[in-house]
Undergrad: 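The structure is given below, and queries will be raised subsequently.
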2 protein chains.
Amino acid sequence: MTNNSNQKTILLVDDDKDIVQTIQGNLVIDGYNVISAFTGQGGIAMAEKKNPDLVLLDLNLPDLDGVAVCKILRNKFNFPIIMLTARDGLSDKVLGLKTGADDYIVKPFDFLELSARITAIFNRIERTIVQSKQQFGDLEINFRTRQVLMNSSTIKLTKTEFGLLELFVTYPGKALTRKFIEKQIWPDSKLYSNSRALDVHIQRLRKKIKAKSDHPEYIVTIPGIGYRFNTENR
Amino acid sequence: MTNNSNQKTILLVDDDKDIVQTIQGNLVIDGYNVISAFTGQGGIAMAEKKNPDLVLLDLNLPDLDGVAVCKILRNKFNFPIIMLTARDGLSDKVLGLKTGADDYIVKPFDFLELSARITAIFNRIERTIVQSKQQFGDLEINFRTRQVLMNSSTIKLTKTEFGLLELFVTYPGKALTRKFIEKQIWPDSKLYSNSRALDVHIQRLRKKIKAKSDHPEYIVTIPGIGYRFNTENR
DNA sequence: TAAAAATGTAACGATATTGTTACATTAGAG
DNA sequence: CTCTAATGTAACAATATCGTTACATTTTTA
């Protein structure tokens, strides 16, 4: 029905048409969708139009300096950039990486190394994304999907309850004052200094957590101060 | 109130104590907290205990093969791994990267390059995390905070509406069938084949988007099929 | 073009979520 | 221990969200 393929698009920017053809052919064999440009301007335009998953950028371009192109791309987009260049000097490499490139490969290179470095970057991104899950003892929180699991069974939290939990796990083990919590949960509301709303939401969250856990309190009360999220001994 | 320091910890695993000392000194100057181990076993133990932000792994270790250590670490942890080694062969590099390393540097190397590659990796991670924001024309979506901005002003979406928007931007420009959308939004519900709920939620989402935008429809109806999220010409 | 099918949309009741209140319980000060 | 302040918690009303329905409008089919 919908195209669910995870095929990644790689933009290749190089003015040497032979090199483009060779690399493109190999990348296609690797399963990538490849688009190309022969100038810096063309590369930038193509990036804006196609929003590729990764860019291979030669530093020797006919119109613009490759480093300048890299800067522009890095400024506007988040995709990884690998520089391909004949410049082997240390200062070139360091400059390239400091400009925002994710990797720097010196020509001539073997395609197998390029391929391995591309997948290494994609794997790093994948691992980083998956890492948006956090585990606290028998509690598992997926911040991307907002799914909360306790002992592998789902806990349904309301928006406010999830906000509280998110706040607690951001400062595990730290005592958070009532005022601080209230400011985070209700940022533009009037001062809740005399409201009991926070107490009530804490109770509701505790009840839902406790219903699924055999552990004692995750949320510890500190009278006169506020609350603390207990992550020890789990 | 809470310790907000962003100092990163790097674990250096190498049996050459001179090299360890040199690299460690330079990394400390770069502002990192550095811990070290001289054996594979020691490195694994240290990683488990300290959960570093990055590991520098020499492939020549007295007890275990470096590639084996890398496999074990990659299996258990998400932190990036940079291999440091004298093995310059193509197959070594490719094997190293395929084993799960994020980068591979051949000894002898200049510290400046190592330093640049470390920050390149940290920057990639940072960008990937921040990338949980997406821009579509005048529409900006932060998937982490679930905040939606249109022309820089906030749109308040309900859970279902945000789910729809998230689904649409996952498949920009693609036609999504009603059945597909319904399965994604109400996964464990009965078949909504004859329900009009989807239509109603689409209208509500459209109204909220339109209220803030001067563009035509973002969500295009495809009669008989479903809907399509229009990302062109914005 | 006319009929049929699909979609748009306002309005309604059901349910979920929220913040307040009142009273019970607990912790800490003296 | 007693008193007081802080916190726990059930119940309630206000609001938000949801899915259905009925009817209007648009698109497709024939």
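Chain identifiers are assigned alphabetically (A, B, ...) following the order of the sequence lines, protein sequences preceding nucleic acid strands; residue numbering begins at 1 within each chain.
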Undergrad: Can you tell me which residue pairs pass the salt bridge (charged side-chain N to carboxylate O under 4.0 Å, His left out) test with a partner in residues 141-159 of chain A, sequence neighbours excluded?
TA: A:Arg144-B:Glu166
Undergrad: Return the value, rounded to whole Å, for the distance between atom CD1 of A:Ile181 and atom C1' of D:dA6.
TA: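 About 15 Å, once rounded to whole Å.
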Undergrad: Between C1' on C:dT18 and CD1 on A:Ile185, what's the gap in Å once rounded to a whole number?
TA: 13 Å
Undergrad: Quick one: bend of the helix from C:dT1-D:dA30 to C:dG30-D:dC1 from 5 pairs per end, to 10°?
TA: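 End-to-end axis angle: 40°.
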Undergrad: Could you tell me whether the side chains of A:Arg206 and A:Thr221 share a donor-acceptor contact shorter than 3.5 Å?
TA: yes
Undergrad: Please state how far atom CZ in A:Arg228 lies from atom P in C:dA27, giving the value in whole angstrom units.
TA: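 From A:Arg228 CZ to C:dA27 P: 15 Å.
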Undergrad: Counting only heavy atoms not in A:Gln21, do more than 12 sit closer than 6.0 Å to its CD atom?
TA: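 No.
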Undergrad: Rounded to whole Å, please give me the gap between NZ in A:Lys179 and C1' in D:dT7.
TA: 18 Å
Undergrad: Can you list everything that forms a ring pair (Phe, Tyr, Trp, His ring centres under 6.0 Å) with B:Phe77? Sequence neighbours excluded, please.
TA: B:Phe79
Undergrad: Does a nitrogen or oxygen in the side chain of B:Thr160 sit under 4.0 Å from OP1 or OP2 of D:dT17?
TA: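 Checking D:dT17 against B:Thr160, no side-chain N or O comes under 4.0 Å of OP1 or OP2.
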Undergrad: Are any protein N/O atoms closer than 3.5 Å to N/O atoms in nucleotides 8-11 of chain D? If there are, list each pair with its distance.
TA:
from	atom 1	to	atom 2	distance (Å)
D:dG8	OP1	A:Arg206	NH1	2.6
D:dG8	OP1	A:Thr221	OG1	2.7
D:dG8	OP2	A:Gln203	NE2	3.2
D:dG8	OP2	A:Tyr227	OH	2.9
D:dG8	N7	A:Arg196	NH2	2.9
D:dG8	O6	A:Arg196	NH1	3.0
D:dT9	OP2	A:Gln203	OE1	2.4
D:dA10	OP2	A:Lys207	NZ	3.1

Undergrad: Flag this pair as yes if the NZ/CZ of A:Lys8 is under 6.0 angstrom from the six-membered ring centre of A:Phe122 and inside a 45 degree cone about the axis; otherwise no.
TA: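 Here A:Lys8 passes the 6.0 Å and 45° test against A:Phe122.
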Undergrad: Please enumerate all residues that pass ring pair (Phe, Tyr, Trp, His ring centres under 6.0 Å) together with B:Phe38, with sequence neighbours excluded.
TA: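 B:Phe38 satisfies ring pair (Phe, Tyr, Trp, His ring centres under 6.0 Å) with no other residue.
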Undergrad: Which residues satisfy the side chain to side chain contact (heavy atoms under 4.5 Å, CB included) test with B:Arg74, sequence neighbours excluded?
TA: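 B:Arg74: side chain to side chain contact (heavy atoms under 4.5 Å, CB included) contacts with A:Arg124, A:Arg127, B:Ile81, B:Asp102.
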Undergrad: Report the residue (A:Leu198 or A:Leu157) whose heavy-atom-nearest nucleotide on DNA chain C is the more 5′ of the two.
TA: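 Nearest nucleotide further toward 5': that of A:Leu157.
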